[in-house]
Amino acid sequence: MVDPVSHPETMASQGIRGPPYKLFYGNTREILQFKNETSSRPLNLSHDIFPRVQPHISTWTGTYGANYLSWYGLLPRLIVTEPELIKEVLNNKDKAFPKPEMDEFVKKLLGDGLVTAEGEKWVKQRKLANYAFHGDSLKGMLPAMVDSVHMMLDRWKNLHGDEIEVYQEFTILTSEIISRTAFGSSYVEGRNIFEMLRKLTLIASRNTFRIRFPGISKLWKTNDELESEKLENGIRDAMLEIIRKREEKVKAGELDDLGNDFLGLLVKASHSDDESRRITITDLVDECKTFYIAGYDTSNTMLTWTVFLLAIHPEWQDEARKEVLNVFGNQDPYPDGIAKLKTVISIHLI
């Protein structure tokens, strides 16, 4: 989804149509109505989930074609669903498609981190992320991941056959793993940051298609705007406190250095004498938030969807279980063995 580079009249002359514009709100109220209607109906056990998760796009592509013009308030947007055009946009060889301007809630959530940054700043942040999560670093994180999974399985053993809400359980698991790998020994404080980010994510999500008139927030703020500002400040203060404690331990000789977890690498970058590598404290906070959101949301969703698929395809359960037992037996997973899990990896890619 990108902002059209031409005026709506030009789009119409090229055969691009779309739902009619409604005063002030564009098509956002219709989109919310579509989503509310579909979410109120039970979900069928089917892979055809597009009409469920993007009901407005599913409906309007059927009416107006694979590419159509929609309105987000006063802003026209070209919705592209043709695979070849999507590839062209994502390749962006000529830099003709800049990242879209984020609304205020998303800005509070992600700041100017890797997801939203562009140009030289993006290059610097990408190099830092690559260094933090190359193969050897990920191998070093595996024990923390295994410990977190053991904690989850211990909880499950105490449920005595009760039903398990796996999405909720995987939310706890992924937040625990991200907190450990990002903040090391400070992971308990990291979990508090995660909880604030989770609340901020919910606020941003429910305001995605709500239009606010420019400048009105200076006169009157909604409860969500007030709460999001409080959470944004709380996240920044909590991160700065973790950094302060770690720096004090290094000065006092309790730690040899700032650490090699994600936070430690970011703090080192903020102190770098090389200006091309140095990041600001604001950049540091934004990168931590981006890491949390990207790692939690994608991993949690993938795990939940994988378990759902295994539940409705027990034959794949049997194959995956046999493979894991053949490779690991009763041992905990280790890096070299994980690479041998062909069936399990193929399930994740489905």
Side-chain angles (χ1 to χ4, degrees), residues 1-5 8 11-12 15-22 24-92 97-107 109-110 115-116 166-167 170-171 198 200-212 224 293-309 312 348-350:
M1 183 169 61
V2 297
D3 295 341
V5 296
M11 304 298 254
I16 301 295
R17 302 177 301 130
Y21 169 77
K22 302 293 178 63
F24 297 127
Y25 296 97
N27 302 122
T28 55
R29 285 186 168 179
E30 293 170 273
I31 293 173
L32 287 172
Q33 184 177 353
F34 274 121
K35 287 183 170 292
N36 290 336
E37 288 177 355
T38 54
S39 62
S40 66
R41 296 195 295 267
L43 178 63
N44 296 323
L45 298 182
S46 169
H47 289 282
D48 186 23
I49 63 170
F50 184 54
R52 174 80 176 200
V53 296
Q54 297 286 8
H56 56 295
I57 297 179
S58 176
T59 299
W60 286 335
T61 51
T63 304
Y64 302 109
N67 309 312
Y68 68 90
L69 191 66
S70 182
W71 292 85
Y72 184 85
L74 300 175
L75 179 66
R77 288 188 172 178
L78 177 64
I79 311 301
V80 177
T81 65
E82 287 185 27
E84 290 305 314
L85 287 179
I86 292 173
K87 288 181 183 178
E88 184 175 338
V89 171
L90 294 178
N91 286 333
N92 198 17
F97 304 101
K99 293 181 179 180
E101 181 72 19
M102 300 292 178
D103 66 39
E104 289 302 317
F105 292 106
V106 177
K107 286 180 181 178
L109 182 62
L110 296 176
V115 173
T116 56
V166 292
Y167 183 81
F170 289 148
T171 297
R198 188 186 66 81
L200 191 52
T201 302
L202 291 174
I203 292 174
S205 177
R206 65 173 173 252
N207 282 276
T208 300
F209 295 105
R210 292 180 180 174
I211 300 300
R212 292 280 284 171
D224 278 350
I293 297 302
Y296 150 72
D297 193 42
T298 54
S299 301
N300 187 22
T301 302
M302 183 198 70
L303 288 170
T304 304
W305 183 244
T306 300
V307 170
F308 169 73
L309 292 178
I312 61 178
H348 286 169
L349 295 176
I350 291 175

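Numbering of residues begins at 1 and proceeds along the displayed sequence. Only heavy atoms go into these numbers, but all of them, side chains included; no hydrogens, no water, no symmetry mates.
- Closest heavy-atom contact between T61 and Y68: CG2-CE2, 3.8 Å.
- The 12-atom threshold is exceeded at CD of Q54, counting heavy atoms of other residues, nucleotides or ligands nearer than 6.0 Å.
- No side-chain donor-acceptor contact under 3.5 Å links T59 to the backbone of H56.
- Within the 4.5 Å cutoff, the side chain of F170 has no heavy atoms near those of the T301 side chain.
- Scanning all heavy atoms of the two residues, the minimum distance from S205 to T208 falls at O-OG1, 2.9 Å.
- Although no hydrogens or angles enter the test, the distance criterion places a donor-acceptor pair under 3.5 Å between the side chain of R210 and the main chain of R206.
- In plain terms, the two heavy atoms of Y64 and P20 that are nearest each other are OH-CD, 4.0 Å.
- With W71 as the partner, the ring pair (Phe, Tyr, Trp, His ring centres under 6.0 Å) test is satisfied by one option alone out of F24, Y21, Y25: Y21.
- Of the inter-residue distances, the one linking L85 atom CG with K87 atom NZ reads 11.0 Å to the nearest 0.5 angstrom.
- Taking CG from D224 and CD1 from I203, the interatomic distance works out to 5.0 Å, rounded to the nearest 0.5 Å.
- The line from OG1 of T38 to CD1 of I49 is 12.0 Å long, rounded to the nearest 0.5 Å.
- Taken to the nearest 0.5 Å, the OG1 atom of T304 stands 11.0 Å off from the CG atom of L309.
- A cation-pi arrangement is found for R77 relative to Y72, the charged atom lying closer than 6.0 Å to the ring centre and inside a 45° cone about the ring normal.
- Side-chain contact between E84 and E88: absent, with no pair of heavy atoms (C-beta onward) separated by less than 4.5 Å.
- In the model, N27 has a side-chain atom that pairs as donor or acceptor with a side-chain atom of E30 under 3.5 Å.
- At least one donor-acceptor pair under 3.5 Å links the side chain of N67 to the backbone N or O of T81.
- For an aromatic pair to be called close, the ring centres must be under 6.0 Å apart, and W60 with F34 satisfies this.
- With values rounded to the nearest 0.5 angstrom, I79 atom CD1 is found 11.0 Å from I16 atom CD1.
- Here the closest non-hydrogen pair linking K35 and F209 is CE-CE1, 3.5 Å.
- We find the CG-CZ distance between D48 and F50 to be 9.5 Å, quoted to the nearest 0.5 Å.
- The two residues P19 and L69 have their closest heavy-atom pair at CD-O, 3.4 Å.
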